[in-house]
Amino acid sequence: MVSLPIVQYEEKIIETVERNPVVVVIGETGSGKSTQLSQMIHRRGYGKIAVTQPRRVAAVSVARRVAHELGVQLGEEVGYAIRFEDRTSHNTRIKYLTDGVLLRESLANPELKEYSVIILDEAHERSLNTDILMGLMKRLVKVRSSDLKVLITSATLDGDKVSKFFADCPVLNIPGKLYPVEVLYSSERPSSYLESSLKTALDIHLHQPEGDVLIFMTGQDDIEKLVSKLEDKVRALEEGSCMDAIILPLHGSLPPELQMRVFSRPPPNCRRIIVATNIAETSLTVDGVVYVIDCGYVKQRQYNPSSGMYSLDVVQISKVQANQRAGRAGRTRPGKCYRLYPSRFYNDEFLDVTVPEIQRSSLAGSVLYLKSLDLPDIDILRFDFLDPPSSESLQDALKQLYLIDAIDENGAITSIGQKMAELPLEPSLARTLMEAKNYGCLSEALIVAAMLSVETTLLPGQRKTEKKRKHSISNLPDGSGLGDHIQLLQIYHCWDQTDFDIGWCKDNGLQVRGMLFVKDVHKQLSQIMQKISKGPLDVKANGKREEFRQNYRNLRKALCVGYANQLAERKMHHNGYRTLGFQAQVVQVHPSSVLSLDDLGKFPDYVVYHELIATPRPFMRNVCAVEMRWVIPIINKLKTLDVYKLSGSIHHVEEEPEKNLQDLPKKDVEVTSTADDRESRIQAARERFLARKDKK
DNA sequence: GAGCACTGC
């Protein structure tokens, strides 16, 4: 503890905080900022301190450590609050919380009067929530100029930018406690970073002293290939010619027990080679790593507001990320980082910092949140973000919110919208719940919303257990042909009938952790709905299956209202769809869907979809059949939409061309096209589809 | 008939 570098800066830090409402702290890895800053401030007798973290585990573990250091019981003077878990009491002076929780608190109490000091930790990661909080803090220090202190911790490369954002506030540099890491560059970019990683790893294993190797790859696919190649090569080495090696994959879709393997120490005289995704960059820290191999790429999800589509692209990492990866080699002793790219790439091509999430996501939820705060001095299109999203992206959000009745034609939040903002859900699902209440199918809608909140994590370890899964999945319900939302509802009902038996999940290939999370979300949503409607509601999940069946129709009606911004119409003579948005997209039903064909081999005329994903062909993921008569009012509403009115008629789009979009690497974002372009692309897609059809 | 970086309320 004594050896933490930050300790000797205590006087300087306190002095700066006393004189300034906002202070930026550049704290390198190992500086102790997450545990010490709050304690220093606490010692000086400031009031209650909030420290945000972007991750749940971090909030819990840091709170635990601070409580231990202060010799108090966790939940008393020091506590934490994450979703589903509040371990604080009226005694709590230092509270660690996820940034999402602080945003929720700010919804109930926009001035956050409870806190005298707010520390936004890890702000350089630029999560969507942290960015919104930074914008809110900028306003809050003006409103509460006399009794609020804000500290923001950031990375070397953008400290000045954050300082500038907060009226040139002071920046304090706290060195970290990392050992030196020697950075070695390749002379050129390899044609295959997989082969290049393989070669480099073997080279290290044969010629470098002991110490574990951490290889950063982009995804599960590459990791599995590299792991198997490494295993082959290591096995082929002559016994006794070098030390042993064990190869470990590490990525998010690995079951937890396999992830844990990287935390157990290897046997003596054995080197570990860990092949990981970005999960090892910030989320998981592997001890014993001395050598890092960095391919220079990362897989990133991006939203394109002009098409309403998400894509998952392999993009170049930023300098901040490259440095973070290199730092993983210097935690226990001096290390080496092998960058599989030349230094001029790092210097000239890499962005300084990662493109913030706010510029890569659909903003419907965030805009609704900000509108619901009802801050008199805030105009949504002019909201002061550290890095503003494009006006195109904000307008996309406004249009979506208008279609689902969250804002009116003038862009003002409606009473429905106000209630929607209370729900920790994306706006479409929040709207579905509001409507389901009217149609008497709230209990069903709550389940669908909860299931979709964790949907991606439900089906585990696909590829390897494929055979097993195909066998077992046949035991699961099929959505009665009506689509994936209904299937998710049915799956939950089946689980309910087993009294939430964990064994049943395992038998059916459902991820246990995911399903338990669904249960928690379901409980939370039910409580909030009860609070919103100010009265008892029938939200019970159990009941007879026959009753549920009758309710599918009402549920689909509610989904149609909730997903008014995510509707698609089948094209006349085949099973392709055209989205009914502002910019029609030609899309297909994702092959994983359980939506069934009718006797003539056709899909339903109209569907709602949960998400459009370009992979690289455009698909609708999670679809549900709806009826034309429910769709017509929405089409009429679409016709009356006036985007200038929505965004407050004073501002015009042309003022700010898509500056921020153009800042992104070119190949990753389809720059908005002209109408002609779009037509020809649709035509091309049509032809491709017909050509495929002919082949059959 | 195809494919899943990582978080979070």
Side-chain angles (χ1 to χ4, degrees), chain A residues 52-59 81-86 97-108 122 125-133 216-224 250-254 276-284 295 297-302 310-315 317 321 354 357 360-361 365-366 368-369 420-427 429-430 449-450 453-463 466 511 517 520-521 524-525 528 575-576 588-595 597 603 611 613-621 689 692-693 695-696:
Chain A
T52 68
Q53 293 290 326
R55 278 171 293 280
R56 293 161 57 92
V57 276
I82 58 178
R83 190 178 188 181
F84 309 135
E85 209 184 337
D86 185 347
L97 29 60
T98 47
D99 42 23
V101 170
L102 188 60
L103 280 176
R104 286 286 137 193
E105 289 186 358
S106 149
L107 198 58
E122 316 290 359
E125 290 187 23
R126 303 298 305 277
S127 76
L128 184 54
N129 288 340
T130 309
D131 270 23
I132 294 172
L133 279 173
F216 282 101
M217 300 297 282
T218 58
Q220 184 181 353
D221 222 34
D222 286 346
I223 288 173
E224 280 167 10
L250 179 61
H251 53 82
S253 44
L254 215 59
T277 59
N278 237 21
I279 198 169
E281 199 178 285
T282 49
S283 301
L284 295 180
C295 71
Y297 291 102
V298 67
K299 231 180 240 183
Q300 223 170 47
R301 194 173 140 98
Q302 347 223 33
Y310 276 99
S311 59
L312 197 59
D313 308 306
V314 174
V315 300
I317 58 173
Q321 281 181 293
T354 315
E357 204 185 344
R360 297 187 277 117
S361 324
S366 305
L368 178 62
Y369 172 83
M420 285 165 60
E422 297 268 329
L423 290 157
L425 285 173
E426 44 199 290
L429 287 171
S453 296
V454 282
E455 194 265 340
T456 49
T457 55
L458 286 181
L459 304 172
Q462 280 81 348
R463 233 162 270 139
E466 193 143 22
Q511 206 191 71
F517 202 83
D520 283 338
V521 176
Q524 187 190 31
L525 294 177
I528 297 174
N575 276 332
Q588 307 286 320
V589 174
H590 197 276
S592 66
S593 175
V594 293
L595 186 73
L597 303 161
F603 277 132
E611 175 175 70
I613 179 128
T615 63
R617 288 175 48 207
F619 287 106
M620 299 181 282
R621 218 158 48 182
F689 182 86
R692 273 202 313 282
K693 216 173 163 192
K695 269 186 203 159
K696 286 180 193 165

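By convention in this document, chain letters (A, B, ...) are assigned in the order of the sequence lines, proteins followed by strands, and residues within each chain are numbered from 1.
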Quick one: [X] [atom1] to [N] [atom2], roughly how many Å, whole number?
X: A:L128; N: B:dT7; atom1: CG; atom2: P; result: 16 Å
X: A:E105; N: B:dG8; atom1: CD; atom2: C1'; result: 15 Å
X: A:Q511; N: B:dC4; atom1: CD; atom2: C1'; result: 12 Å
X: A:D520; N: B:dG8; atom1: CG; atom2: P; result: 14 Å
X: A:M217; N: B:dC6; atom1: CE; atom2: P; result: 14 Å
X: A:N278; N: B:dC6; atom1: CG; atom2: P; result: 8 Å
X: A:L103; N: B:dT7; atom1: CG; atom2: P; result: 19 Å
X: A:I223; N: B:dC4; atom1: CD1; atom2: C1'; result: 12 Å

What does [X] touch in the nucleic acid at a heavy-atom separation under 4.0 angstrom: a base, only the sugar-phosphate, or nothing?
X: A:V298; value: nothing
X: A:F619; value: sugar-phosphate
X: A:T277; value: sugar-phosphate

Does B:dC9 have OP1 or OP2 under 4.0 Å away from a side-chain N or O of A:R56?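 Answer yes for this pair, as a side-chain N or O of A:R56 is under 4.0 Å from OP1 or OP2.
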Distance below 4.0 Å between A:T282 side-chain N/O and B:dT7 OP1 or OP2: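 Looking at the OP1 and OP2 atoms of B:dT7, neither is under 4.0 Å from any side-chain N or O of A:T282.
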Minimum-distance nucleotide to [X] side chain [options: [options]]:
X: A:K299; options: B:dT7, B:dA2, B:dA5; result: B:dA5
X: A:R55; options: B:dC6, B:dG8, B:dG1; result: B:dG8
X: A:L312; options: B:dG8, B:dA5, B:dA2; result: B:dA5

Have a look at B:dC4 and give me syn or anti from its glycosidic angle (syn if within 90° of zero).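 Judged by the O4'-C1' to base torsion, B:dC4 sits in syn, the angle falling within 90° of 0.
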Check whether the side chains of A:D313 and A:S311 place a donor and an acceptor atom closer than 3.5 Å, and report yes or no.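 Short answer, yes.
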Which residues share a side-chain contact (heavy atoms from CB on, under 4.5 Å) with A:D86, sequence neighbours left out: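 A:D86 satisfies side-chain contact (heavy atoms from CB on, under 4.5 Å) with A:A81, A:T88 once adjacent residues are dropped.
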Between A:F517 and A:L250, name the one whose nearest nucleotide on DNA chain B is closer to the 5' end.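 Whichever sits nearer the 5' end wins; that is A:L250.
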5'-most contact on DNA chain B: A:I613 or A:I82, nearest heavy atom basis?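 Final value for this comparison: A:I613.
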Considering residues at least two apart in sequence or located in another chain, which fulfil the side-chain hydrogen bond (donor to acceptor under 3.5 Å, both in side chains) criterion with A:S106?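 Once residues adjacent in sequence are excluded, the partners of A:S106 under the side-chain hydrogen bond (donor to acceptor under 3.5 Å, both in side chains) criterion are A:Y369.
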Whether A:E422 and A:R104 form a salt bridge (side-chain N of Lys/Arg under 4.0 Å from carboxylate O of Asp/Glu) is what I want to check.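 Salt bridge between A:R104 and A:E422, a charged N being under 4.0 Å from a carboxylate O: no.
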Measure the spacing between CD of A:Q524 and CZ of A:F84 and express it to the nearest 0.5 Å.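 If we round to the nearest 0.5 Å, A:Q524:CD and A:F84:CZ are 5.0 Å apart.
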